[in-house]
Amino acid sequence: MEVEEGGDRSSAAEPRDEWHLLTWTFLAVLVPVLLTLWCSVQRSKRAVLMKEVFRKSKHDWRYTDLFSKPTYCCVCCQHVLRGAFCDCCGVCADERCLRRADRALPCKEVVAPARDDGSLAHHWVRGNVPLCSYCAVCKQQCGTQPKLCDLRCIWCQTVVHDDCKPNLEDEGRCDLGEFRTLIIPPHYLHHINKLRRRHPDEYCKVGIGGGGCTLGMEPSSDLLQVQCRFPLLPPPLQVFDLTKMPPGRALQLCTLLPPGSVRVLVCGGDGTVGWVLDAIDTMKLKGQEVFIPRVTILPLGTGNDLSNSLGWGAGYAGEIPVEQVLRNILDAEVVSMDRWKVQVASKGYYFRKPKVLSMNNYFSVGPDALMALNFHAHREKTPSFFSSRIINKAVYFLYGTKDCLVQECKDLDKRIELELDGERVNLPSLEGIIVCNIGYWGGGCRLWEGMGDEPCPPTRLDDGLLEVVGVYGSFHCAQIQVKLANPVRLGQAHTVRLVLKSSRMPMQVDGEPWAQGPCTITITHKTQALMLYHSAEQTDDEEDDSSGSEADTPDTPKTVPKLPGLANSL
């Protein structure tokens, strides 16, 4: 009898154990799912709230999941790993303190009246000073204590200890610091705005004196390294994202500044520079020629041949601090650069206007244009894949290797006629023709000079001449780039005319490719642009060929006097 009762109890316990197991299994699965959903909902709510705060705020907040250096909240003074920082004034805040930071900590005022004595007051921000900063009073290092300490002026970048601030000898007057000639003072814009509204006659006379300022233009929103540092120096009014505002609108700021005082820093590739130069040409057509700026480049494109020709290097990856970039701009020389008009008149379409393009670097027909056309077509399909300069060059290499086997552009000499200043040129058996305005081509190759073993006329940016060369194919282009072969020098000319008699051929102007049928291409001088030339640094090719001969420095520019500083005219 006892055995039967024990058996009944064990059989009754088995279903309870199964239910316990099922219950705990269900909870083990359901609880993480619910927690994940709850966290996702809270994260989305937090993102919506922060987006709303960012939209209404006068600060230019940028959110980060992890600060790259020890950072303290400017409101609660606590150490913060995740939060937001202002791109303009450097204020940092925890998520919970964002609204309080908005109310309590003002950002840079780009338009503000001056003090009674006509000077600008310091705008101090406490803590999170740049690494290796030194006090302007005692010359000791700042920011070394593990707390929110020390002060930095967001205009002149002066750093002082909390205890040393009363001993500053400037009496609270801010001189805008080392880069004062590159910053538009807020009281200047306040004065201009008041004149425009109350005294239009005096406003029209503004800008008789000289000056200097820099406008930064960024072509895309993924340039975080540049965007996170550059706005800390000039005010946010001087930095434009060209994905949100076309250069024509951004350049209207030049009309508020003294004539000949503005320098424009274009952060991008040669195509972005051409876009800005076209907008400057539009300013000339509007009668604003006295306000046109001087253009310089921070090379972030794939080829960067124009940047290389002007001495700014073949690429920028953050190896040079932004402060040094601005110092180089201050030391740069103003040069004139020829710009050219490319007219493409299709055969058989007599009543259609010719296609008109602007050229700064080069025009080509043949294998290099074919590689650019294939690259452009695939980048249009999958733009996210072509986000790296190394990947872009690898894709170019693959297309060049393919063309070496296929030779789609062979017998070009039988399909095209070339005239230089009205004289017909007998072409050898070529696959491509390249018309150059600058010294560099193909991502850093000195095309006209080749290996330098043959004498050739020097090239200049402002001589009104184009250099015309031919190539035998993609393999010949590769040999030229590694200095194993010379191009076929066809001559120099003021006007170049090409007639494509039959079939379709790939063509490009400054990296913008297309497939073209029978046509007549005429390249004539358009205008000159004022560029900034940096001669302090040598490119890799110049270091290798430092013989000092005239042929080794083809783009020796013609300089004009430097510009005085804006601060001296205010």
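The figures here come from the full heavy-atom set of this structure, side chains too, leaving out hydrogens, waters and symmetry mates.
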Task: For R327, all residues meeting salt bridge (charged side-chain N to carboxylate O under 4.0 Å, His left out), sequence neighbours excluded - done: E178

Open item on the list: Treating S309 as the side-chain partner and D305 as the backbone partner, does any N or O pair qualify as donor plus acceptor under 3.5 Å?
Closed with: yes

Task: Distance in Å, I184 CD1 paired with L257 CG, rounded so as to fall on 0.5 Å steps - done: 4.5 Å

Open item on the list: Take a 6.0 Å sphere around NZ of K414 and say whether it holds more than 12 heavy atoms from other residues, nucleotides or ligands.
Closed with: no

Open item on the list: Under the rule for side chain to side chain contact (heavy atoms under 4.5 Å, CB included), what residues qualify as partners of K341, not counting sequence neighbours?
Closed with: Q343, V356, T524, K526

- [ ] Specify the closest pair of heavy atoms between V325 and Y316, including all atoms of both residues, with the distance to one decimal.
- [x] CG2-CE1, 4.2 Å

Open item on the list: Quick check: closest heavy atoms across P458 and Q492, and the distance to 0.1 Å?
Closed with: O-NE2, 3.6 Å

Open item on the list: Could you tell me if N361 and D270 have a donor-acceptor pair between their side chains, going purely by distance under 3.5 Å?
Closed with: yes

- [ ] Ignoring hydrogens and angles, tell me if any N or O in the side chain of N437 forms a donor-acceptor pair with the backbone of N360 under 3.5 Å.
- [x] yes

Open item on the list: Just so I know, are the side chains of L532 and V334 near enough to count as touching, which here means a heavy-atom distance under 4.5 Å?
Closed with: yes

- [ ] May I have the step-by-step check of side chain to side chain contact (heavy atoms under 4.5 Å, CB included) for L182 and R263, ending in yes or no?
- [x] CA-CA 8 Å; L182 303 181; R263 302 173 179 92; 3.9 Å; yes

- [ ] Answer whether the closest heavy-atom distance between the side chains of S358 and R339 falls below 4.5 Å.
- [x] yes

- [ ] Output all residues satisfying side chain to side chain contact (heavy atoms under 4.5 Å, CB included) with A493, sequence neighbours left out; order by chain, then residue number.
- [x] L420, D421, V496

Open item on the list: For V488 and V471: C-alpha separation, side-chain torsions, deciding distance, then whether side chain to side chain contact (heavy atoms under 4.5 Å, CB included) applies.
Closed with: CA-CA 6 Å; V488 181; V471 293; over 6 Å; no

Open item on the list: If we ignore hydrogens and angles and just use 3.5 Å, is the side chain of D278 paired with the main-chain N or O of W275 as donor and acceptor?
Closed with: no

- [ ] For the residue pair I480 and V469, establish whether any side-chain heavy-atom pair is separated by less than 4.5 Å.
- [x] no

Task: Non-neighbouring partners of I416 that pass side chain to side chain contact (heavy atoms under 4.5 Å, CB included), sequence neighbours left out - done: V365, L412, L427, I433, L498

- [ ] Drop me the distance from R446's CZ to C436's SG, to the nearest 0.5 angstrom.
- [x] 13.0 Å

Open item on the list: Has D510 got a side-chain atom pairing as donor or acceptor with Y362's backbone, closer than 3.5 angstrom?
Closed with: yes

TODO: Search all heavy atoms of S364 against all heavy atoms of I434 and return the closest pair with its distance.
DONE: CB-CG1, 3.9 Å

Open item on the list: Run L461 and L310 through side chain to side chain contact (heavy atoms under 4.5 Å, CB included) and show every step you take.
Closed with: CA-CA 9 Å; L461 292 170; L310 292 170; 3.6 Å; yes

- [ ] May I ask you to test the L251-F291 pair for a side-chain heavy-atom distance under 4.5 Å?
- [x] no

Task: T255 side-chain N/O to Q252 backbone N/O, donor-acceptor pair under 3.5 Å - done: yes

Task: Exercise: do W514 and E512 side chains pair donor with acceptor under 3.5 Å - done: no

Task: Close side-chain approach of V266 and L298, heavy atoms under 4.5 Å - done: no

Task: Min side-chain heavy-atom separation L265-I329 under 4.5 Å - done: yes

Open item on the list: Is any side-chain heavy atom of M337 closer than 4.5 Å to one of L306?
Closed with: yes

Open item on the list: Quick check for you: to the nearest 0.5 Å, what is the distance between R62 atom CZ and C88 atom SG?
Closed with: 8.5 Å

- [ ] Working to the nearest 0.5 Å, report the span between CD1 of I438 and CH2 of W448.
- [x] 15.0 Å

- [ ] Taking the side chain as every heavy atom from C-beta outward, state whether I183 and Q238 have any pair of such atoms under 4.5 Å apart.
- [x] yes

Open item on the list: Apply side chain to side chain contact (heavy atoms under 4.5 Å, CB included) to residues T527 and K284 and explain how you reach the verdict.
Closed with: CA-CA 10 Å; T527 184; K284 296 179 182 178; 3.1 Å; yes

Task: Pairing residues for R415 by the salt bridge (charged side-chain N to carboxylate O under 4.0 Å, His left out) criterion, not counting sequence neighbours - done: none

Open item on the list: Tell me if a side-chain donor or acceptor on W340 pairs with a main-chain N or O of L466 at a distance below 3.5 Å.
Closed with: no

Task: Contact summary for P367 and G473, nearest pair of heavy atoms - done: CG-C, 4.0 Å

Open item on the list: Can you confirm whether the side chains of D368 and Q508 place a donor and an acceptor under 3.5 Å from each other?
Closed with: yes

Task: S307 side chain to G313 backbone, donor-acceptor under 3.5 Å - done: yes

Open item on the list: Going by the rule side chain to side chain contact (heavy atoms under 4.5 Å, CB included), which residues pair with D463 if we only count those two or more places apart in sequence or in a different chain?
Closed with: D338, R460, L465, E467

Open item on the list: Main chain of A515, side chain of R504: is a donor-acceptor contact present, judged purely on distance under 3.5 Å?
Closed with: yes

Open item on the list: Testing the basics here: between G517 and L500, what is the closest heavy-atom pair and its distance to 0.1 Å?
Closed with: O-CD2, 3.3 Å

Task: Heavy-atom closest pair, residues Y188 and L256 - done: OH-O, 3.0 Å

Task: Pairwise distance CG(L370) to CD(E431) - rounded to 0.5 angstrom - done: 10.0 Å

Open item on the list: Nearest 0.5 Å, please: how far is CG in L277 from CD in Q528?
Closed with: 12.5 Å

